[in-house]
Asker: 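What follows is a single structure, and I will ask about it in a moment.
Here is how names work: the chains are called A, B, and so on, in the same order as the sequence lines, proteins then strands, and each is numbered from 1. The basis for the numbers below is simple: all heavy atoms, side chains too, and nothing from hydrogens, waters or symmetry mates. Fair warning: this is a prediction, and the values are worked out from it, not measured in the lab.
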Amino acid sequence: MPELPEVETVRRGLHQLIIGKAVRTETHDTEKGFPNSVHDVNTFLIGSTIIDVRRRAKVLMIDLSTNYSLLIHLKMTGQLVFVGETRFGAGHPNDSLIHDLPDKSTRVTLAFNDNSKLFFNDQRKFGWMRLMPTVEIPNIDFMQKVGPEPLADDFTPQQFMQRFARRAKTSIKAAILDQSVIAGVGNIYADESLWGAKIHPSRLVGSLSEQEFSTLYTELRTVMNLAVEKGGSSNHTYVNAEGKKGSYMNFARVFRREGLACPRCGTTIEKIRVAGRGTHICPHCQHL
DNA sequence: CACTTGACCTGTCCGC
DNA sequence: TGCGGACAGGTCAAGT
């Protein structure tokens, strides 16, 4: 799904759209995607007001006035789509994306006091949403082990390289996707940044020079910042909080461009398999 | 511990 | 047109 830039785009959208709204009702289809009890929902969610919308790695946190928060992971195909009272008219570009919600992929629906709604859709059902005390969030396993935010102002190239030390014997692609090494990197931005740094994704972490780590650090931040600016990437199902697609794919250099020319050298881009994931490389710019 | 692989799901696309 | 298999933005729990 959604990697850091897509989740950040959703966060910014929700921050504009739902803060200050009060939750009137909540409905969900399965316990797997929303494991909280009816009692907890009625006590800590219904009637609460949205205080803040935050993000850590690929996890969204919607803070409530009850000192509880909704934690949300969109995984591969999750969407959080806000629909206000105003309906998109026929022919509006958003119509084909969000049509009428809820639909068969809708897992959770929140209705606010002003009749606007927030839909959590997830075609593949890998994603989840759960309610927990806000102060407990830093204590959950994921938050304890997740790596630093790669776009943080105080994140340095030295810290970046040090994070990889314990993964010396795996591929750089597997390591950069490891959320406990660096937060928020997924398949798209792993391929894009490795192409930018001219590093083959199968290279072992231990074989990379300090200069290569430094270049990869710069490329990763450049690519992720551009993606945030462009509202993320929409390959298939991703949309932002208003149901709109992101445009980073128009700027992608290798991801999903197999068979096309490398924008740097003109060699045909190939798709291979690394760390169990589809991986896009320029075989000329990136070699073992 | 570090590392790899399969599982979790539904939908789509591609080859026969 | 139908059917089987591979594959899709991400984690996890197992196995070695």
Asker: How many whole angstroms separate atom CE of A/Met76 from atom P of C/dC7?
Answerer: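 The distance from CE of A/Met76 to P of C/dC7 comes to 13 Å, rounded to the nearest Å.
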
Asker: Go through DNA chain C and write down every stem, that is, every run of at least three consecutive Watson-Crick or G-U wobble pairs with distances under 3.5 Å, as range with range.
Answerer: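 As far as DNA chain C goes, consecutive pairing (with distances under 3.5 Å) yields the stems B:2-8 with C:10-16, B:10-16 with C:2-8.
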
Asker: Have a look at A/Gly127 and say if it touches a base, only the backbone sugar-phosphate, or nothing, with a 4.0 Å heavy-atom cut-off.
Answerer: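 Touches nothing.
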
Asker: Write down the distance between CD1 (A/Ile176) and C1' (C/dG10), rounded to a whole number of angstrom.
Answerer: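 Value for this atom pair: 15 Å.
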
Asker: Whole-Å distance between C/dA8 C1' and A/Glu6 CD?
Answerer: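 So the CD-C1' distance, A/Glu6 to C/dA8, works out to 14 Å.
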
Asker: Need one value for A/Asn187: base, sugar-phosphate or nothing, where a base atom within 4.0 Å counts as base even if backbone is also close, heavy atoms only.
Answerer: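 Here A/Asn187 touches the backbone only, sparing every base.
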
Asker: Ring of A/Trp195, cation from A/Arg257 - is the NZ or CZ under 6.0 Å from the centre and inside 45° of the axis?
Answerer: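 No, A/Arg257 does not sit over the ring of A/Trp195.
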
Asker: Whether the A/Ser171 and A/Ser202 side chains hold a donor-acceptor pair (N or O, under 3.5 Å, no angle test) is what I'd like checked.
Answerer: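 A/Ser202 and A/Ser171 do not have a side-chain donor-acceptor pair below 3.5 Å.
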
Asker: Determine the contact category for A/Ser105: base if any of its heavy atoms lies under 4.0 Å from a base atom, sugar-phosphate if only primed atoms, P, OP1 or OP2 are that close, otherwise nothing.
Answerer: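 If one applies the 4.0 Å heavy-atom cut-off, A/Ser105 turns out to touch nothing in the nucleic acid.
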
Asker: Applying side chain to side chain donor-acceptor pair (under 3.5 Å), name anything that partners A/Ser193, two or more places apart in sequence or on another chain.
Answerer: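 In terms of side chain to side chain donor-acceptor pair (under 3.5 Å), with neighbours along the sequence ignored, A/Ser193 is linked to no residue.
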
Asker: Can you confirm whether A/Asp141 is buried at CG, in the sense that more than 12 heavy atoms of other residues, nucleotides or ligands lie under 6.0 Å from that atom?
Answerer: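 No.
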
Asker: Sticking with atom C1', work out how far C/dT11 lies from B/dT12, rounded to a whole angstrom.
Answerer: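 23 Å, rounded to whole Å.
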
Asker: Once you round it to whole Å, what is the distance between C1' of C/dG9 and NZ of A/Lys230?
Answerer: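 A/Lys230 atom NZ is separated from C/dG9 atom C1' by 20 Å.
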
Asker: At under 4.0 Å between heavy atoms, how does the protein contact nucleotides 11-16 of chain C? Give one character per nucleotide, 5' to 3', with B, S or -.
Answerer: S-----

Asker: Sort and list the pairs that fulfil ring-ring contact (aromatic ring centres under 6.0 Å, His included) and have at least one residue in residues 265-288 of chain A, not counting sequence neighbours.
Answerer: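 Residue pairs passing ring-ring contact (aromatic ring centres under 6.0 Å, His included), neighbours aside: A/Phe255-A/His280.
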
Asker: Assigning hydrophobic clusters by single linkage (Ile, Leu, Val, Met, Phe, Trp, Tyr; side-chain heavy-atom cutoff under 4.5 Å), is A/Ile182 placed with A/Val146?
Answerer: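 As far as the 4.5 Å side-chain criterion goes, A/Val146 and A/Ile182 are not connected within one cluster.
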
Asker: Would you mind checking if A/Asp29 and A/Arg107 are paired as a salt bridge, meaning a charged N to carboxylate O distance below 4.0 Å?
Answerer: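 Looking at A/Asp29 together with A/Arg107, the answer is yes, because their closest N to O distance falls below 4.0 Å.
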
Asker: Could you list who else is in A/Val135's hydrophobic cluster, with ILVMFWY side chains joined at under 4.5 Å, directly or through other members?
Answerer: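 In the cluster with A/Val135 there is nothing else; it is isolated.
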
Asker: Working to the nearest 0.5 Å, report the span between NZ of A/Lys173 and CD1 of A/Ile272.
Answerer: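 With rounding to 0.5 Å, NZ (A/Lys173) is 8.0 Å from CD1 (A/Ile272).
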
Asker: How is A/Tyr189 classified with respect to the nucleic acid when contacts are heavy atoms under 4.0 Å: base, sugar-phosphate, or nothing?
Answerer: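 Answer is nothing: A/Tyr189 stays at 4.0 Å or more from every strand.
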
Asker: Salt-bridge test for A/Arg56 and A/Glu149: reply yes if a basic N is under 4.0 Å from a carboxylate O, no otherwise.
Answerer: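 Answer for the salt bridge query: yes.
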
Asker: Please name the residue in the list A/Phe34, A/Phe119, A/Trp128 that meets the ring-ring contact (aromatic ring centres under 6.0 Å, His included) test with A/His28.
Answerer: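 Among A/Phe34, A/Phe119, A/Trp128, the one that satisfies the ring-ring contact (aromatic ring centres under 6.0 Å, His included) with A/His28 is A/Phe34.
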
Asker: For a quick check, with a 4.0 angstrom heavy-atom cut-off, what is the B/S/- contact string for nucleotides 2-14 of chain B, read 5' to 3'?
Answerer: SSS---BBBS---

Asker: When the P atoms of C/dA14 and B/dC9 are compared, how many Å lie between them, rounded to an integer?
Answerer: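 B/dC9 and C/dA14 have their P atoms separated by 15 Å.
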
